[in-house]
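Fair warning: this is a prediction, and the values are worked out from it, not measured in the lab. Reminder, nothing fancy here: chain letters follow the sequence lines and each chain counts from 1.
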There are 2 protein chains.
Amino acid sequence: MTAKDKPAKAAPLAPPLDQRKAFILATVVYEYVATAEPVGSQTLTQKYNLGVSSATIRNEMAELEAAGYLVQPHTSAGRIPSDAGYRTYVDRLMQPETLTNEEAKRIRDEFRAASRELDDVIEQTTRLVGELSHNVAFMIAPSRETQTFRHIQLIWLSERTGLAILVTSVGVAVQTHFEHGEQVTADDLTRLSNRLNVTFGGRTMRELGDVEVTAVLRDAGFGEDLARAVEGAFRAAARSPEPIVASSGAQHLLDQPEFQDLRKLQSVLRIIEEQKTLYDLVANSINDEGPNVKIGRELGSDEIMECSVVTVPYRFGDQTVGVLAIMGPRRMPYARLMALASGTAQSLNRHFADADHR
Amino acid sequence: MTAKDKPAKAAPLAPPLDQRKAFILATVVYEYVATAEPVGSQTLTQKYNLGVSSATIRNEMAELEAAGYLVQPHTSAGRIPSDAGYRTYVDRLMQPETLTNEEAKRIRDEFRAASRELDDVIEQTTRLVGELSHNVAFMIAPSRETQTFRHIQLIWLSERTGLAILVTSVGVAVQTHFEHGEQVTADDLTRLSNRLNVTFGGRTMRELGDVEVTAVLRDAGFGEDLARAVEGAFRAAARSPEPIVASSGAQHLLDQPEFQDLRKLQSVLRIIEEQKTLYDLVANSINDEGPNVKIGRELGSDEIMECSVVTVPYRFGDQTVGVLAIMGPRRMPYARLMALASGTAQSLNRHFADADHR
DNA sequence: TTTAGCAGTCATAAGATGGGAGTGCCAGGA
DNA sequence: TCCTGGCACTCCCATCTTATGACTGCTAAA
């Protein structure tokens with residue numbers, strides 16, 4: 001039918017959107033995000049000033065559907081945006097938003113009172129964003145592999161054991177217990193620490209995972225046992241077990257009509273708890289310049305194709321080290337969440353920059 | 001409330017339970033836990049060998065209801081256990097269970113491969129128990145206040161800043177960044193560390209939060225600035241922000257019929273994310289000898305009166321330091337979960353005992 | 001004390017019905 | 001060529017009704 005009308009144009013999924021179509025698409029997204037109800041032609045003419053009749057809107061909407069921007073849940077329902085519809089909206093149609101003064105103040109206050117320790121900051125930021133966004137917030141913490149080695153301190157704890165504290169470029173201390181020979185003294189450990197600091201300072205943790213620490217130390221006159229223990233400590237510290245991800249706000253999902261279906265809810269909850277999938281989802285975003293959005297199937301996982309994710313990288317000093325993300329239903333207020341993510345990330349960057357005079 | 005456990009029994013709700021009534025109550029609990037359906041008199045006579053007719057069971061059940069052990073969701077439904085019914089079942093009627101060989105092996109293997117660092121172990125244990133129990137597992141980590149001070153190491157990081165690493169009796173390292181005066185050298189910090197170790201070794205962290213470190217250090221000839229910074233570090237380390245609680249397995253709640261109601265589910269999810277309530281719930285259990293159960297309203301919170309919690313304390317060395325807990329619907333397999341909690345706690349104790357030759 | 005039988009209760013599931021929101025299409029008008 | 005009013009049609013959804021069946025408590029007899 002209408003399919004025959006347009007086939008040539010409709011094929012590549014990016015037919016030109018004249019101004020009226022663009023406005024209609026944007027309005028449908030806006031209205032659907034606000035109400036969670038499929039949007040009909042009459043609703044549009046009544047609530048928005050379009051200057052044409054509902055019949056005209058119907059025709060336009062039919063074309064927008066044929067072009068892949070809208071879909072109809074069932075024959076006699078209104079339209080809802082498709083992934084492509086949201087995508088076009090986000091990339092080209094929506095009005096960027098900025099944080100309200102209130103929100104900006106809240107974020108500022110929160111960071112002013114925040115701890116200086118990385119783990120705490122991540123935990124707290126996640127909580128803050130979960131709360132403000134009313135969606136699920138999560139963060140990828142700096143991966144150890146990309147950090148550089150800054151300092152190691154071997155601490156004598158008892159006659160048999162010691163603790164290695166390794167400080168990286170982002171100020172994180174990784175602790176590893178180790179055993180040493182019985183004749184080792186606290187002084188030995190201090191000398192050894194100094195030696196290690198001189199030799200390896202500035203290297204990336206990735207390199208240190210492979211380095212032959214044992215040989216180096218043996219040459220410097222330290223016992224074989226101790227050297228091997230220290231090498232173990234290095235290895236353990238370098239190999240980040242998995243990038244830490246905190247998350248907060250899962251409860252908000254229940255407020256969304258799209259998750260009244262318990263199966264959908266459960267698959268999303270599982271993904272959140274697993275963490276690994278979350279990580280894969282947004283790991284790439286660390287290379288982005290600013291905020292980014294992934295919509296529905298773009299996430300590449302059937303289990304969360306009902307969701308969208310807003311990501312924004314954050315920095316420590318001048319190195320980008322992690323990602324802040326907000327996940328929610330596809331029907332999310334993109335402009336607002338992008339503003340929130342960006343704003344928070346900026347505060348976070350500043351917070352870490354302040355800390356970076358370390 | 002029932003905090004004192006036993007008086008509730010003595011009061012109005014404890015008519016003598018003859019053997020047959022006891023058996024019926026136990027069977028109702030067993031059947032209801034298995035099927036999630038109210039249990040009727042006919043079901044009982046058909047599936048269990050009671051030797052009497054359903055009419056007799058009906059009479060008995062009516063009396064059990066009058067005595068407060070059973071309740072009827074509505075007139076023409078079967079019976080389900082009340083809090084008191086579950087309580088009696090757990091205290092006096094149920095058959096204790098032991099772990100299956102398979103489960104025991106799984107737990108053993110998991111701990112064999114486990115890290116030696118406290119945080120990791122807690123995370124991993126929570127995950128394991130959440131998975132095996134098909135319920136929500138969570139843990140209270142050792143509170144810093146009760147730990148004793150073991151070692152502090154001040155590390156020189158840059159001309160203005162240093163890192164204080166404080167090791168406690170349970171082997172946890174707390175890190176705090178601090179600023180020091182410009183003329184301070186790494187050697188100064190080492191000397192200062194030694195001084196602090198000698199002076200404060202063995203004290204509890206609680207004491208250290210109040211101790212006048214500044215004065216002590218000034219007397220020993222260290223600069224005012226540095227002394228104050230170190231005092232700040234001490235304070236920060238002593239004041240545990242809140243006892244860490246990891247949790248895992250929230251997704252399993254969705255499988256339970258009692259949480260099909262989204263409001264109930266949401267209040268439980270919120271409690272889990274808040275953590276504070278969870279903490280209050282089980283903090284007392286740290287003084288228990290073995291596994292313990294809190295049922296429904298005994299938890300003291302309306303929001304989770306649909307839930308029960310199994311708790312068991314765990315040790316580090318010879319000190320009890322935390323609690324492992326499993327939360328689920330009141331209709332939970334108590335004997336199994338108690339076995340699982342106990343078994344895991346034992347493995348955990350052993351794991352930490354091994355580590356305690358530190 | 002137990003049991004069979006019976007009348008009564010009530011949640012639940014399964015049709016039946018009507019309303020309403022929304023569509024596509026067409027023919028006439030600018 | 002584009003827009004619009006009108007109309008027939010589709011189909012979801014809320015509401016109501018009805019039937020079913022799993023229970024119960026009670027009574028009277030064994």
Side-chain angles (χ1 to χ4, degrees), chain A residues 1-6 9-10 16-25 27-28 31-32 34-67 69-82 257-258 260-261, chain B residues 16-21 23-25 27-28 31-32 34-67 69-82 85 257-258 260-261:
Chain A
M1 312 194 163
T2 348
K4 251 179 193 170
D5 244 15
K6 297 281 169 189
K9 261 188 214 167
L17 273 188
D18 62 53
Q19 203 166 358
R20 190 166 68 189
K21 280 202 181 59
F23 185 73
I24 291 175
L25 174 55
T27 311
V28 169
E31 178 73 10
Y32 182 61
T35 65
E37 298 287 332
V39 183
S41 56
Q42 211 174 149
T43 312
L44 282 185
T45 48
Q46 277 168 6
K47 293 181 71 167
Y48 302 89
N49 187 13
L50 299 189
V52 290
S53 78
S54 66
T56 306
I57 306 294
R58 276 203 287 285
N59 291 331
E60 294 284 54
M61 284 168 84
E63 288 180 34
L64 280 168
E65 180 171 359
Y69 294 108
L70 297 177
V71 295
Q72 225 177 347
H74 57 86
T75 324
S76 66
R79 258 74 173 207
I80 66 179
S82 66
E258 32 271 273
Q260 299 304 84
D261 180 343
Chain B
L17 272 188
D18 62 53
Q19 204 166 357
R20 190 167 69 189
K21 281 203 180 61
F23 185 72
I24 291 175
L25 174 55
T27 311
V28 168
E31 179 74 10
Y32 182 61
T35 65
E37 299 287 332
V39 183
S41 55
Q42 209 173 150
T43 312
L44 283 186
T45 48
Q46 277 169 6
K47 293 181 73 169
Y48 302 90
N49 187 12
L50 298 190
V52 292
S53 79
S54 67
T56 307
I57 306 293
R58 274 202 290 285
N59 291 332
E60 294 283 53
M61 283 168 83
E63 289 179 35
L64 280 169
E65 181 171 359
Y69 295 108
L70 297 178
V71 295
Q72 225 176 346
H74 61 262
T75 323
S76 67
R79 258 71 174 211
I80 66 179
S82 67
E258 30 271 274
Q260 299 304 85
D261 180 344

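Sparse packing is recorded around CG of B:N49, with 12 or fewer heavy atoms of other residues, nucleotides or ligands lying under 6.0 Å away.
Within the 4.5 Å cutoff, the side chain of B:V52 has no heavy atoms near those of the B:E60 side chain. In this structure the side chain of B:T56 reaches within 4.5 angstrom of the side chain of B:R20, judged on heavy atoms. Looking at B:K21 and B:Y69, their side chains never come closer than 4.5 Å, going by heavy atoms from C-beta outward.
Sequence order on DNA chain C of the closest nucleotides to B:S53 and B:P73 puts B:S53 first from the 5' end. Mapping B:N59 and B:G78 onto DNA chain D by nearest heavy atom places B:G78 at the nucleotide closer to the 5' end.
A donor-acceptor pair under 3.5 Å is absent between the side-chain atoms of A:Q42 and the main chain of A:S54, judged by distance alone.
For B:R79 and D:dC23, the shortest distance from a side-chain N or O to OP1 or OP2 is not below 4.0 Å. At the phosphate of C:dT23, neither OP1 nor OP2 sits under 4.0 Å from any side-chain N or O atom of A:T75. Of the side-chain N and O atoms in A:R58, none sit less than 4.0 angstrom from OP1 or OP2 of D:dG6.
Between the CD1 atom of A:I80 and the C1' atom of C:dG22 there is a distance of 15 Å, given to the nearest Å. Rounded to a whole Å, the CG atom of A:L44 is 17 Å from the C1' atom of D:dT4. Regarding B:D18, its CG atom lies at a distance of 15 Å from the C1' atom of C:dT2, rounded to whole Å. Atom-to-atom, CD of A:E65 to C1' of C:dT23 comes out at 10 Å; the value is rounded to the nearest Å. Rounded to a whole Å, the OH atom of B:Y32 is 18 Å from the P atom of D:dA22. Following rounding to the nearest Å, A:Q42 (CD) and C:dT23 (P) show an atom-to-atom distance of 9 Å. When rounded to the nearest whole Å, the span between CD of B:E63 and P of D:dT24 equals 14 Å. The nearest whole Å value for the distance from the CG atom in A:L70 to the C1' atom in C:dG22 is 14 Å.
When distances are taken from the side chain of B:R20 to each of C:dT2, D:dC3, C:dG24, the shortest belongs to C:dT2. Taking the side chain of B:T56 as heavy atoms from C-beta on, and the options C:dG22, C:dC10, C:dT2, the nearest nucleotide is C:dT2. Taking the side chain of A:Q72 as heavy atoms from C-beta on, and the options C:dC10, D:dC12, C:dT23, the nearest nucleotide is C:dT23. The side chain of B:S76 lies closest to D:dC23, out of C:dT3, D:dC23, C:dT23.
When heavy atoms are screened at a 4.0 angstrom cut-off, A:S41 is found touching the sugar-phosphate backbone but no base atom. Using a 4.0 Å heavy-atom criterion, one finds that A:T43 contacts the sugar-phosphate atoms exclusively. Contact annotation for A:A55: base contact, defined as any heavy-atom pair under 4.0 Å involving a base atom.
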